Every structure is written in C-alpha cells, then in structure tokens.
Amino acid sequence: MTGAPAMEASLAAVADAGIDIRHALFDRFFAAYPERRASFMVVDASSRRMTDETLQMMFGLAKGDGWVWPLVTELVHTHRAYGPLPIAEYDAFIDMTVAELGAAAGAAWTSECAAAWTGQAEALKAMIRRARAEWQAALPDPATAV
Ligand code: HEM
C-alpha cells in the first residue's frame, strides 16, 4: 500500500479540477515522437484508454493488485501489432503521464505523492521489460519480435 493514499488523493484532485490530462500528454508524446502519430488511427479513443490504463497500472502496483501483471502481458502483446515500439517510448510515455498528472494535481502533488508515482513508474517500466522478454522467448520469430 506504500504511497497509494497519496496517489489516490492526486487522482481525485485532478478529477475535481476537471482536467483531462490525456490532451497535454498526447500533445507532448507526439511532439517528442512525431513519426509515431501515424500508428494511431483513432487518437481520441486510444488516448483515453492508454492514459487511464497507465495510471491504473501504477496505482494497482502501489496497492499490490494481482491483475497488473496479466494486464501488462496483454498490453505488450497487443502493442506488437502496432510495429516495433522502442522500449524508450514506453519509458517516455510513462514518465510523461506522471509529469502531466503532477502538473494538474496542484497542492495534492506533495513530495510523498511525487515519490510514490515515480517509484511505481519504475516498477511498471520493469514489468513491461519482463513481459517483452517473455513474449520474445515464447514467440521468437523476428517478424513478430517486440
Ligand atoms: C504503459 C503504457 C501503455 C499503455 C497502458 C497502453 C495502452 C493502450 C490501450 C489500452 C490501447 C487501446 C487498444 C484497443 O482499444 O484495442 C492502446 C492503443 C495503442 N497504443 Fe498504447 N499503451 C501504452 C504505451 C504505448 C506506447 C509507448 C506506444 C507508442 C510508442 C503506444 C502505441 C499505441 C498505438 C499505436 C495504439 C493503437 C492506436 C489506434 O489504433 O488508434 N502505446 N494502447
């Protein structure tokens, strides 16, 4: 449960402020990786799900929820269909998600809160690496490699 109450407070603060962080997040992501924009057919739909699920995975990790690992494996497998996605882009998307949440959270973004999100961001990045390695070992065909 480390950090989970502070993380929940920041999510509530952003919701109370009526801020939908996906807009600034995806603007920032596409500014950093403009060549990736063409991979998205329906940004409005995908930006909702990518943002929500990234936040939920980090919050779930903070609570020790067991569903996070199977969802991460599914996410990594689904994303194989979008072409080879460098691990650096996953890392950047997760870091940008935390940064945009922090920018929107106002006074709820305490040092404890920031540390909790940053710690779970690192845990999620590690889990994505593990899932990619396991899929690579199970499905080693280079044409479908992650
Ligand atoms: C923790 C990180 C991420 C999560 C949780 C996540 C989650 C999702 C989800 C739930 C969808 C929608 C799938 C569907 O509706 O069938 C999606 C779509 C997609 N994601 Fe991610 N994603 C993440 C990172 C990334 C990164 C880093 C990239 C690119 C470098 C990326 C590229 C895409 C693309 C291209 C689509 C399909 C968009 C479309 O067809 O409009 N995702 N993602």
Side-chain angles (χ1 to χ4, degrees), residues 1-15 17 19-105 108-109 112-146:
M1 280 292 289
T2 311
M7 292 169 77
E8 188 166 23
S10 62
L11 291 170
V14 172
I19 300 170
D20 195 348
I21 67 165
R22 70 192 173 97
H23 301 294
L25 171 58
F26 272 74
D27 286 350
R28 193 165 169 175
F29 186 72
F30 289 142
Y33 303 101
E35 71 286 359
R36 195 62 62 205
R37 175 65 184 78
S39 307
F40 286 79
M41 286 187 289
V42 191
V43 174
D44 186 57
S46 299
S47 63
R48 291 172 201 270
R49 292 199 58 198
M50 277 182 47
T51 306
D52 284 354
E53 292 199 14
T54 303
L55 291 169
Q56 284 169 13
M57 285 171 174
M58 288 187 276
F59 187 47
L61 285 171
K63 292 185 294 171
D65 289 349
W67 53 261
V68 180
W69 168 244
L71 193 61
V72 167
T73 62
E74 190 201 353
L75 153 81
V76 165
H77 189 260
T78 304
H79 282 62
R80 291 163 67 101
Y82 306 140
L85 302 182
I87 192 68
E89 294 189 29
Y90 278 102
D91 289 353
F93 186 77
I94 292 166
D95 287 339
M96 289 177 191
T97 303
V98 173
E100 291 301 331
L101 189 76
W109 201 251
E112 181 202 357
C113 180
W117 280 107
T118 304
Q120 299 308 337
E122 294 309 313
L124 179 56
K125 290 176 195 174
M127 212 173 237
I128 289 171
R129 280 171 171 71
R130 189 177 135 212
R132 283 166 62 108
E134 292 197 11
W135 279 117
Q136 182 63 43
L139 304 169
D141 178 355
T144 58
V146 288

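Every number for a ligand or one of its atoms is a count from 1 in the order of the listing. Quantities reported herein were computed from a predicted structural model and do not represent experimental measurements.
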Short N/O/S contact of Y82 with atom 21 (Fe) of ligand 1 (below 2.8 Å)
no
Which ligand 1 atoms does R36 reach within 4.0 Å, using its non-hydrogen atoms?
29 (C), 30 (C)
Under 30°, 30 to 60°, or over 60°: which ring-plane class applies to W109 and W117, parallel, tilted or perpendicular?
parallel
Kindly give the heavy-atom pair with the smallest separation between W67 and Q56, and that separation in Å.
CH2-O, 3.3 Å
Can you pull out the closest protein heavy atom to atom 38 (C) of ligand 1? Residue, atom name and distance to 0.1 Å, please.
S46 OG, 3.1 Å
I'd like to know if Y33 contacts ligand 1, where contact means a heavy-atom distance under 4.0 Å to any ligand atom.
no
Do any nitrogen or oxygen atoms of T78 come within less than 3.5 Å of a nitrogen or oxygen of ligand 1?
no
Side-chain contact test, heavy atoms from C-beta onward, threshold under 4.5 Å: evaluate it for L101 versus S10 and give yes or no.
yes
Can any side-chain N or O of W135 pair as donor or acceptor with the backbone N or O of T73 at less than 3.5 Å?
yes
Parallel, tilted or perpendicular, as decided by the 30° and 60° cut-offs, for the rings of F30 and F26
perpendicular
Hey, looking at atom 40 (O) of ligand 1, which of M127, M41, M96, R48 has the closest heavy atom?
M41
Name the residue from L75, L25, I94, V98 that meets the side-chain contact (heavy atoms from CB on, under 4.5 Å) definition with T54.
I94
I need the minimum non-hydrogen distance between A104 and I21, along with the two atoms involved.
CB-CG2, 3.8 Å
What are the atoms of ligand 1, with element, lying closer than 4.0 Å to any heavy atom of V42?
39 (C), 41 (O)
In ligand 1, which numbered atoms sit nearer than 4.0 Å to a non-hydrogen atom of S39?
35 (C)
F29 heavy atoms, cut-off 4.0 Å: which ligand 1 atoms fall inside?
29 (C), 30 (C)
What do you reckon, does F40 have a nitrogen or oxygen under 3.5 Å from a nitrogen or oxygen of ligand 1?
no
Any non-hydrogen side-chain atom of P86 less than 4.5 Å from a side-chain atom of R36?
yes
Test of understanding: with salt bridge (Lys or Arg N to Asp or Glu O under 4.0 Å), list the residues that count as partners of D20, not counting sequence neighbours.
R22
Would the distance check show the side chain of S46 and the main-chain N or O of V43 forming a donor-acceptor pair, the cut-off being under 3.5 Å?
no
Counting only heavy atoms, tell me which of K125, M50, E89, E74 gets closest to atom 30 (C) of ligand 1.
E89
Atom 4 (C) of ligand 1: closest protein heavy atom, distance to 0.1 Å, is L75 CD1, 3.3 Å
side-chain contact (heavy atoms from CB on, under 4.5 Å) involving A13 - partner list, sequence neighbours excluded
A108
For E53, atoms of ligand 1 separated by under 4.0 Å from a heavy atom:
5 (C), 10 (C)
Heavy-atom proximity to atom 2 (C) of ligand 1, best of T51, V72, T54
T54
Near L85, which atoms of ligand 1 are under 4.0 Å from a heavy atom of that residue?
28 (C), 29 (C), 30 (C), 31 (C)
Any nitrogen or oxygen of R49, side chain or backbone, less than 3.5 Å from one on ligand 1?
yes
Can you tell me which N/O/S atom of H79 has the shortest distance to atom 21 (Fe) of ligand 1?
NE2
